[in-house]
Structures are given as C-alpha cells and as structure tokens.
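The figures that follow rest on heavy atoms only: side chains count, while hydrogens, waters and symmetry mates do not. Below, chains carry the letters A, B, ... as their sequence lines are ordered, and counting in each starts from 1.
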Amino acid sequence: METDELLLNMGPVHPATHGVLRFKLRMDGEIIRDCEIVMGYLHRGTEKLGEMKTYLQFIPYTDRLDYLSAMPNNYAYVKAVEELADIEVPLRAEYIRVLTLELNRIINHLVFMGSLILDLGANTAIMWGFREREKALQLYEMLCGARMTFSYMRIGGVREDLPEGFIPKLNDFIKDMEKRIVDYEQLINGNEIFLLRMKNIGVINADEAINYGMTGPSLRGSGVNYDIRKLEPYSIYPDIDFKACVRKECDSYARYLVRMDEMKESLHILRQVADTMPAGDIITTQKYGIAPMTGAPSAVMTYFPRIFTPPVGEVYTRTEAPKGELGFYVVSDGTTKPYRVKIRSPSFCNLVALPKMIVGLKIPDLIAAFGTIDIVLGDVDR
Amino acid sequence: MAWISKNWAMTGIMKGLIVTLKHIFHIGNRPLVTVQYPYEKMKLAPRFRGRHSVDQDACIGCGICEVSCPNGTIRIVKYNGRWFPEFNLGMCLFCGLCVDACPMNAIKMNGGYELANYSRESLVYGPERILFKKEVNK
Amino acid sequence: MNAAEELKQAMPAAVVSTGMLIDKPLAIIKKEEILKAAGKVKEMGFDNLSVITGIDYRDRFEVIYNFFSYKKKENLVLKVVLDHEAPSVDSVASIWKVADWLERETYDLVGIKFTGHPNLVRILLPDGWNGHPLRKDYDMETEQFVTMGEDGEDIVSTDGSNLLRRR
Amino acid sequence: MIANAYELVVYILSAIGIYDPINGFFQNYGMEYLLRIIIIVVEIVVLLVFVLLTVMFLSWLERKMFAWVQSRYGPMITGPHGLFQPIADGIKLVGKEDIIPAGADRWIFTLAPFIIFVPALLVFIPLPFGDSLIISDLRIGLLYIIAISALSPVSILLAGWASNNKYSLMGAMRAVAQDISYTIPLALAAIAVVLYVGSLSTVDIVRAQEGTWFDIIPRWFIFVQPLAFILFLIASIAEMGRIPFDFQESEQELVAGFYTEYSGMKFAMYFLGEYAHMFAVSGVIVTVFLGGWTGPVLPFIPVQITSLVYFIIKTYAVIFFAMWLRDTVPRMRIDQLLNLGWKIMIPLALLNLLVTSFLLTAGVV
C-alpha cells in the first residue's frame with residue numbers, strides 16, 4: 001500500500017505552543033519524522049531599540065523579553081552596564097537584587113510547572129501555580145509598583161528601598177510556599193500517568209545538550225553540574241549557601257524535577273537574604289554623580305543623571321536567569337546610547353535542541369518535551 | 001506482571017486524588033482565593049504604578065519627563081496659560097522613569113488601572129484629566 | 001597564561017593578536033582561519049558556544065564568539081574582523097550545533113554570510129525582508145508589510161497593498 | 001408486578017380511577033393504540049427534559065468542582081451560585097455564528113452533531129431509574145446498551161472527516177481506535193456479571209443484587225466481581241472520552257480534536273451529547289455493579305420514589321468520581337492507552353471471565 005507523509009502545521013496559534021511558535025512537522029501517522037521550527041512572529045527588534053534608547057531608557061524594554069521573569073532580564077542588562085562602566089553597587093542593593101531575582105525564579109518555575117501540567121492535560125496545577133504566583137506578585141507590587149514588567153533595577157542599584165512590612169510578608173510567603181510545594185509534589189510527582197508521559201521522553205545526553213547550547217535547568221537535567229551562580233559568582237551569591245540542583249536522567253522528568261528542586265533552593269536563599277538584610281544605600285553614590293535625593297517628599301528616593309556615558313568598550317556578561325544563561329553583549333562608543341546590544345536569550349538557544357529530542361516520538365511527546373524546555377516566545381523572538 | 005505493579009500500583013494517583021479532595025472541601029487552609037472582580041476589587045499597594053497624575057502647583061513644565069520617556073509617551077502642551085505634560089497612555093510602558101526624572105517630584109503614578117477605552121484618542125490624557133491639587137496641611 | 005595565549009602558541013598563523021575583554025581572554029583571529037581555530041578551541045575543551053555577536057562598525061564588521069568550558073570553567077572570546085563590502089566568514093555550525101541558529105540570527109539581523117552553513121535563511125524576520133535591521137545604514141523610514149500567502153509563505157511589500165482591507 | 005414505566009402510568013391512572021373512562025373513550029373510536037402512544041410520548045418527553053436538566057446541572061457541577069479544586073469560585077453571577085450559568089451558555093452558543101468551513105462536506109458536517117445525541121439518548125431506554133421506572137425492559141438490555149454506545153464514534157468519525165481538517169481527522173481516528181479497544185474489555189467485564197445473573201436484562205441484573213450479606217454488606221456485584229468492576233470503570237471512562245482518556249479532543253495536542261471546526265449550536269450539541277453520555281454510562285455502572293436502584297426500603301414512601309433517589313445518588317457518586325479524576329490526572333498518550341487496553345485489560349477481562357465461569361460451573365458460588 002502506498003503511504004504518504006503527513007505535513008502538519010502546529011501553530012502559530014495552537015494551545016500548546018506557549019505563544020506564537022510554529023512547528024512544521026513531517027509525520028508518519030502520529031510519529032514525528034522531522035520537525036522544523038518557524039519563529040519570529042513576536043519579533044519586536046529589541047536589539048535595534050537598544051541602539052535608539054539611552055542606557056537607562058532601555059531597562060523597561062528588557063522587561064518585555066522574558067515577561068515571566070522580568071527581574072533577571074533587568075539585572076543581566078544592568079550588570080553588563082555596570083561592568084562596562086565599572087560601577088560599585090552598595091551591599092544592600094545587592095541583597096535586594098538577589099531577593100527579587102530568587103523570588104522571580106520561583107514565579108517562573110511556578111508558571112513552568114503549571115503550563116507543563118496543563119499541556120499534559122491536567123488542568124489543576126496551573127491554577128495552583130497562579131495562586132502562589134499571585135502572592136509573589138503582590139510582594140512585587142509592594143516593592144516596585146508593577147506586577148510583571150518591573151523595571152526595578154537601576155544602573156548602580158535599585159529603584160526603591162524595601163517598603164515597610166515587606167520582610168514579614170515575605171516570610172509568610174516562604175512559609176506558605178513550603179506547604180504548597182508539598183501539595184504540588186503529591187499531585188504530580190508520583191502520578192503514574194504523569195511518569196508514563198515524562199520518563200524517557202525527550203532524552204538528550206550531557207555532551208549533546210552542551211553542543212546544542214542548552215543552559216540552565218534544562219542542561220542540569222542532563223546531568224551537567226553547572227550553575228553560573230556557582231561558576232562565575234556574581235552579586236552576593238558567594239556568601240550564600242545553596243547548591244546547584246542536578247539530575248542525571250537526561251529526560252523530561254529530570255528537567256521537571258530540577259525546577260521543582262530549584263524552587264526549594266530559591267526559598268532557602270530567600271530565607272537567608274531576608275534574615276541578613278544589611279542597612280545602607282540602595283544605589284551607588286560613587287560615580288557619575290549618582291546620589292540619593294535627600295529630603296524628597298516622594299517615596300521615590302533615587303535619582304539618576306540624565307546624561308550617563310560609560311567609557312568606550314565592550315562587555316559580555318552572563319547571568320543565571322530562571323530559564324538558563326542570559327547574556328548581554330553591550331558595546332559602548334562613549335555616547336549616551338549603547339552602540340550595540342546583543343541579547344543571548346536562554347529560550348532561543350534551548351529551543352535549538354528540541355528537534356533533536358523529539359524526532360521519532362509522537363505529538364504528545366513533542367508537547368511534553370517542549371513544555372520542559374520552558375521557553376517564552378518574547379525571549380525567543382526578542 | 002512486574003510492569004503492571006511498577007506502573008499501575010496507582011499509589012501516586014491516590015495521593016493526588018486525596019490532595020484534590022482536600023481542595024474541594026477546603027480542608028487544611030486551602031480557601032478560595034479569587035475575587036469577583038468587577039464587584040469586588042483587590043487592594044492596591046501604595047506604590048502601584050498606574051495612571052499618572054501631575055501636581056498642579058509643583059509642575060514647572062520643564063519637559064524633562066518628555067526627554068526621559070523611552071517611548072515618546074509624553075508631550076508638553078499649553079493649558080490654562082501654563083505648560084503641562086500630556087500622556088498618551090496607549091504608548092505608555094508604565095516604567096516610572098518620568099516619575100524618577102521629575103526634578104520637582106510633581107508626577108505621581110498611582111491608582112487607576114482600568115484604562116481600557118473605545119478609541120485611541122481617548123487614551124491621550126491631557127492636563128485636564130491628570131492635574132490634581134495637593135492638599136496643604138494646616 | 002590564559003586560553004587566548006595558548007591558542008596563539010598553538011596556531012601563531014591564525015591569531016592576529018590577543019588581549020582581554022574586561023575579564024575574559026580575547027583572541028582576534030584571521031577570517032580565513034576561523035574554522036581551524038574553532039576546531040582547536042573545541043579541542044582545548046571549550047565545549048559551549050555561548051553566543052555569536054555580529055557588530056556593524058560602519059567601516060568593518062566584527063563577529064564575536066563567546067566560548068565557555070564546562071570542564072576548565074574558563075571563558076574565551078574569539079573575534080573576527082570582516083570587511084564592510086561583502087562580509088562573509090566560515091560557518092562553525094559543523095562543530096557546535098547551536099551555531100546553526102546563532103549564525104542564522106546574525107545573518108538575518110546583521111547580514112553576515114556564513115559560508116558552509118547548512119541552511120542559511122532568515123530566522124526571525126520573514127523571508128523576503130528588505131535589509132538587515134542591525135546594520136547602521138538600515139533604512140528605518142520605509143515601512144514593510146508582511147502577510148501570509150496561500151501556502152503559508154511570507155509576502156513582504158513596502159506599500160501595504162497586500163494587506164487585506166475591507167471597505 | 002409492574003414491569004415498566006408504561007404499566008406504572010396505567011397503574012396510577014387506574015388507582016385514581018380515570019384510566020377506564022379514558023380508555024373507553026378511545027375504544028369507542030377503535031383507537032386504543034392511540035392512548036398507548038400518548039403515554040409513551042409523554043414518557044419520552046419527561047425523559048428528555050430530565051436528561052437536558054441533568055446535562056445542565058452536570059456542566060454546572062463540573063465547572064464548580066473544577067473551580068473548587070483550583071481555589072476559585074467558579075460561576076457566581078447568574079442565579080444562586082451561578083446555577084443558571086448553563087442556560088446563559090446555551091443562549092450564547094445558540095446566538096453564535098454557525099460557521100461551515102469552505103472545504104467541509106456540508107451535509108455530513110451538519111448531520112454529525114445530531115447523530116452524536118442519538119446514541120446518548122437511546123442508551124436510556126433500557127436503563128432502570130428505579131423499581132419499574134424503565135422505558136422498556138429489553139431482554140437483551142445490556143447488550144443493547146453496549147451496542148448503542150459503540151455508535152457514538154460513528155458520529156465522531158463523520159465530524160472529523162467532514163471538517164476537512166488534519167487535527168479533526170486525527171482526533172476522529174483516535175476516537176475510533178480508542179472505542180474499538182475499549183468496547184471489548186467493557187463487554188467482557190459485563191459478561192462476567194451476565195454469567196452470574198444468567199440474564200442480559202438490566203432489571204434482572206438489579207434484582208440479583210437485592211438483599212444483603214450478614215445484614216450489612218449489600219449484595220452488589222462490585223463485591224462479587226471487583227476486578228470486573230475496575231475494568232468496567234476504566235473502560236467506561238475511556239468510553240465517555242474524559243481525562244485521562246480524552247483523546248478525541250485532547251486540547252493541547254489536537255486543538256479541539258474532532259470538533260475543532262464546530263461553533264455555535266453544533267458545538268453545543270457535542271457538549272450536550274458528552275454530558276448525556278456521561279450520565280448514561282454512569283447509570284450503567286451503577287446498574288451493573290453498584291446495585292442499581294436497590295437500597296434500604298423505607299416505610300410509607302412508595303418504593304418507586306426511594307429507588308429513584310438511590311439510583312440518582314449512586315449515579316452522581318460515579319459522576320463525582322469521574323470529575324474528581326479529571327481534576328487530578330493528566331492525559332495518557334494514545335499508544336499507551338491502546339497498550340493498556342489490548343495488553344492488560346483484555347487479558348485480565350478474559351481471565352476474570354474464565355475464573356468466573358469455572359467457579360459457576362463448579363458450583364462454588
């Protein structure tokens with residue numbers, strides 16, 4: 001009997017593609033023979049915008065890259081500029097930064113968990129994830145006034161100091177979250193159907209994963225003991241006790257478990273940071289005339305010079321964003337605007353490995369493997 | 001048989017069923033958390049970055065906010081013989097850079113978040129809609 | 001001795017000069033030798049190609065490769081300088097799979113040709129887009145309209161005539 | 001002895017003394033069959049109204065339970081606790097534009113949603129809602145139920161084929177594969193009970209479950225045939241097409257499966273059909289394994305009313321379980337589902353059948 005390959009177009013509008021991504025699948029019945037990824041539907045030219053805006057004005061645009069974890073994006077960009085201009089950041093500002101970064105890691109992984117389980121067909125976990133996320137977002141709302149697009153980091157520090165009653169509320173959140181993680185694990189981890197769907201699906205071994213440019217939790221799920229926070233410690237991470245969560249199984253389930261472990265690890269970091277929060281400035285006073293505006297009637301205490309010109313040079317910094325290695329390559333030509341901003345987004349590079357993972361599997365496996373890579377289309381298309 | 005016992009012991013599903021049952025009957029601090037939005041609203045944090053408002057007495061119309069805005073949201077217009085900013089909220093990123101940049105601390109962002117409207121023109125908030133007068137403590 | 005100098009010792013013909021990029025060793029490579037140098041870099045243990053950046057300096061193009069080694073925990077930056085007229089450089093996609101997409105992206109946005117790349121087509125922008133946006137001489141004034149054709153291909157026009165308009 | 005609902009109506013009419021005059025009136029014109037037809041039509045209308053109300057209530061209950069599990073309120077605005085939400089939804093769906101895709105086979109596309117409602121309703125005919133509350137006590141009732149519920153994939157296949165959409169077709173093919181693999185264990189599990197009872201009639205099956213052991217344990221077949229019950233339950237949930245076995249829709253993979261292209265009233269028909277089928281299948285589970293209408297007999301209340309209440313309580317318990325399961329587990333993969341059906345459930349059902357028939361022949365039970 002003569003058979004024909006089925007060309008199936010998954011996306012750009014499809015419930016499981018987390019946005020506007022398109023898979024061109026060549027299928028043999030339900031088995032995927034070849035997968036081509038078409039993207040760019042959300043391309044907004046962020047890198048070109050970076051050349052048009054001043055260093056400070058670009059911060060709100062970094063929020064819109066990976067809109068689920070805006071704070072690490074803010075931080076990665078700000079860190080690149082600080083390294084370029086050699087700015088010292090006060091200790092309290094670094095503590096607040098790490099606090100917000102780790103809180104954002106929890107938020108990101110909650111959404112990851114929810115959307116992964118939703119993609120597998122169980123509808124409960126996503127609402128539980130969003131329930132806890134809402135509490136974290138309220139913390140952010142208290143801190144910086146926005147719930148998703150924070151633009152809270154400033155070059156040399158942070159925008160505002162911790163509000164009154166923030167630390168007790170954070171402690172409540174940590175306590176609550178610990179109980180909820182137990183709920184998630186009871187619902188998901190041992191569930192036989194979940195294991196059937198996740199184990200030995202989307203296997204990629206360590207060497208291949210590195211070669212395909214995977215980073216972050218997806219790579220740690222393949223057994224590479226690596227974490228930029230450990231390897232190239234930045235901010236106050238050297239002083240904090242935490243471990244990189246690694247799993248050796250290389251499959252979708254391992255990638256899921258790594259993220260669940262990371263949530264617990266982030267809670268651990270949050271507790272340490274909240275306990276040892278030092279007093280001091282929240283934005284640097286040393287260079288470029290950056291000074292806190294004393295006696296200002298407004299709650300907004302920071303003041304940044306309108307003309308900020310870092311020296312000529314170029315820098316590449318990498319940070320450990322929730323989705324993987326987030327790097328900013330910033331080139332300065334000595335004017336108020338960056339000459340070139342290159343964003344190395346984790347989602348884009350993790351997605352390279354997807355066709356390798358799923359060839360020979362079925363559509364449901366594509367969705368399971370795709371869910372565990374954890375991408376955001378704003379980050380892929382930039 | 002080993003495969004069956006390994007994969008179909010159903011213990012994991014039982015655990016999940018118990019957790020969901022606890023949620024159905026709200027056992028052990030698992031309350032309903034959503035609010036009936038249009039009828040019931042959540043309390044906003046005091047720092048919430050919503051619609052702008054400009055202190056009528058403090059604003060000097062210097063235009064620094066216009067320069068600092070990354071998206072070209074702000075335009076300085078003449079109103080009642082003085083210069084005030086006009087916000088095109090359709091383009092606003094709600095980043096708060098104008099608030100930071102204002103030398104007189106005249107711009108505030110708080111409150112209003114229900115900004116949906118039927119036309120793009122009505123999203124342009126001129127001085128007549130954003131000015132407020134600060135109450136002076138006697 | 002850092003990795004860049006090691007590379008210079010191993011391949012003196014390929015490396016033009018070495019230096020530092022803030023805290024990362026930097027080696028400027030001759031454009032013809034990049035594939036060989038990349039192979040050597042891979043042998044030296046730099047298994048992760050972090051990012052490929054293309055920069056338009058108006059008189060020249062630079063392509064910058066950031067490497068990281070999971071074994072030695074070291075960074076290395078390679079830089080290739082290309083002339084502005086017809087920028088092209090050998091592809092390293094045969095060594096690092098991730099370079100496939102990174103080079104496509106650089107081609108798409110900066111317009112640098114990677115010879116030997118298996119599938120060098122636009123990745124973020126639609127096929128048929130005019131110009132490469134991250135070049136400094138990119139025409140920012142002309143608006144380009146994209147619609148989807150009968151078979152799902154992208155149709156780009158500058159006058160918007162292919163847009164579906166209802167009267 | 002009242003056998004079915006028709007006789008029950010006749011009995012009630014006679015008891016209040018109006019049956020004979022009416023019957024005489026029709027006999028004068030030589031049309032006694034007309035009265036029979038009228039009574040049956042009334043029965044069917046009552047059944048239809050009951051099913052529609054049940055479907056509405058079920059869709060409300062499903063949403064409510066879903067919401068409670070997820071720490072939400074669910075529908076709250078229309079009516080007390082959103083009880084009239086299904087009516088609002090129905091009005092909305094009827095008011096929507098009815099879209100027929102350009103490449104679709106118009107006739108089949110229009111016909112398919114109506115076909116799905118037919119088997120879901122036909123299943124109710126031999127389903128005993130209570131003592132003598134049955135439309136018709138067929139002697140092959142159980143076989144009839146299994147045969148009729150196997151018709152629903154025909155409609156799904158028609159819908160999937162006529163939509164001229166790859167996702168719809170894949171959903172339809174999955175539904176057919178699933179139904180074929182799961183009707184067999186369903187039937188085999190039911191045959192074990194039939195062997196035990198010696199009759200295919202649903203009423204006989206329920207009657208065989210009356211009484212108790214040691215005055216405490218009801219003589220339900222779930223205790224006699226636990227393995228058959230589990231197989232029947234899993235196969236029924238697969239037949240209902242609900243999570244973890246909802247491959248015909250599988251929203252995250254196939255967008256909406258076979259009804260991707262449907263909108264408006266036709267979509268609502270699938271919705272109604274799904275819930276009616278769910279109620280019917282739960283009723284069958286209750287009838288075959290959970291003792292049907294049987295329960296403690298209360299004084300002063302007619303047995304018809306108590307039995308109806310018992311039946312509905314038990315059916316809702318099964319539906320509750322199905323909804324509860326839906327809130328908890330993810331979807332399986334289609335090949336895993338077929339593996340489960342062919343490699344585990346059918347051999348187990350055959351084994352169960354073998355042991356049962358051996359025990360029955362040996363006279364142990």
Side-chain angles (χ1 to χ4, degrees), chain A residues 5-11 13-18 23 25 27 29-32 114-132 134-135 180 183 186-201 256 361-368 370-371, chain D residues 62-74 164-178 234 237-238 241-257 259-260 323-340 343-344:
Chain A
E5 269 181 341
L6 176 68
L7 186 78
L8 189 70
N9 215 346
M10 234 176 109
V13 184
H14 187 278
T17 50
H18 297 206
F23 298 104
L25 302 173
M27 316 241 304
E30 286 230 4
I31 298 166
I32 297 165
S115 54
L116 170 68
I117 309 299
L118 182 70
D119 284 354
L120 295 181
N123 303 299
T124 302
I126 185 159
M127 282 298 159
W128 291 4
F130 273 67
R131 181 183 63 194
E132 268 66 75
E134 167 63 29
K135 284 178 191 147
R180 299 303 184 196
D183 270 10
Q186 280 185 349
L187 177 73
I188 304 161
N189 278 20
N191 192 319
E192 280 79 8
I193 297 178
F194 181 70
L195 295 184
L196 273 179
R197 289 294 302 278
M198 300 292 283
K199 283 210 164 162
N200 296 321
I201 299 300
Y256 159 77
L361 302 179
K362 299 179 181 62
I363 296 183
D365 300 332
L366 161 68
I367 284 154
F370 180 66
Chain D
E62 169 112 66
R63 294 177 64 171
K64 247 351 204 191
M65 264 187 67
F66 219 178
W68 290 332
V69 169
Q70 297 173 348
S71 301
R72 294 187 288 121
Y73 283 97
N164 194 15
N165 178 324
K166 284 170 186 168
Y167 288 118
S168 299
L169 185 60
M170 280 172 90
M173 295 310 248
R174 282 181 175 193
V176 173
Q178 178 185 347
I234 294 175
I237 290 172
R242 294 177 59 78
I243 285 175
F245 307 114
D246 65 334
F247 296 99
Q248 33 199 316
E249 292 138 46
S250 43
E251 188 191 330
Q252 284 79 15
E253 294 149 27
L254 302 181
V255 189
Y259 55 65
T260 306
M323 289 181 174
W324 179 23
L325 195 68
R326 185 192 167 206
D327 296 342
T328 308
V329 296
R331 183 184 305 117
M332 285 176 79
R333 214 168 61 208
I334 181 75
D335 59 323
Q336 288 165 346
L337 174 95
L338 298 183
N339 275 344
L340 176 71
K343 293 185 184 161
I344 296 171

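Minimum heavy-atom separation, A:Gly121 to D:Arg331: CA-NH2, 3.9 Å. When all heavy atoms of D:Met332 and A:Leu196 are compared, the pair lying nearest together is CE-CD1, 4.0 Å. Smallest separation of non-hydrogen atoms from D:Thr328 and A:Ala122: O-CB, 4.2 Å. Taking each heavy atom of D:Pro330 and A:Leu120 in turn, the nearest pair found is CB-O, 3.5 Å.
The contact between A:Ile201 and chain D is made entirely by side chain atoms (from C-beta outward), counting heavy-atom distances below 4.5 Å. Of the atoms belonging to A:Met198, not a single heavy atom falls under 4.5 Å from chain D. Contact annotation for A:Asp119: both backbone and side-chain heavy atoms come within less than 4.5 Å of a heavy atom of chain D. Only the side chain of A:Arg131 comes within contact range of chain D, judged by heavy atoms closer than 4.5 Å.
For the pair A:Ile363 and D:Met170, the minimum side-chain heavy-atom distance is below 4.5 Å. Proximity of A:Asn123 to D:Asp327: side-chain heavy atoms (C-beta onward) are nowhere separated by under 4.5 Å. Side-chain contact between D:Val329 and A:Phe194: absent, with no pair of heavy atoms (C-beta onward) separated by less than 4.5 Å. Using a 4.5 Å heavy-atom cutoff, the side chains of D:Tyr167 and A:His14 are in contact.
Between the D:Arg333 side chain and the A:Asp365 main chain, no donor and acceptor come within less than 3.5 Å of each other. With hydrogens and angles disregarded, no donor-acceptor distance shorter than 3.5 Å links the side chain of A:Trp128 to the backbone of D:Ser71. Proximity of a side-chain donor or acceptor of D:Lys166 to a complementary backbone N or O of A:Leu7 within less than 3.5 Å is detected.
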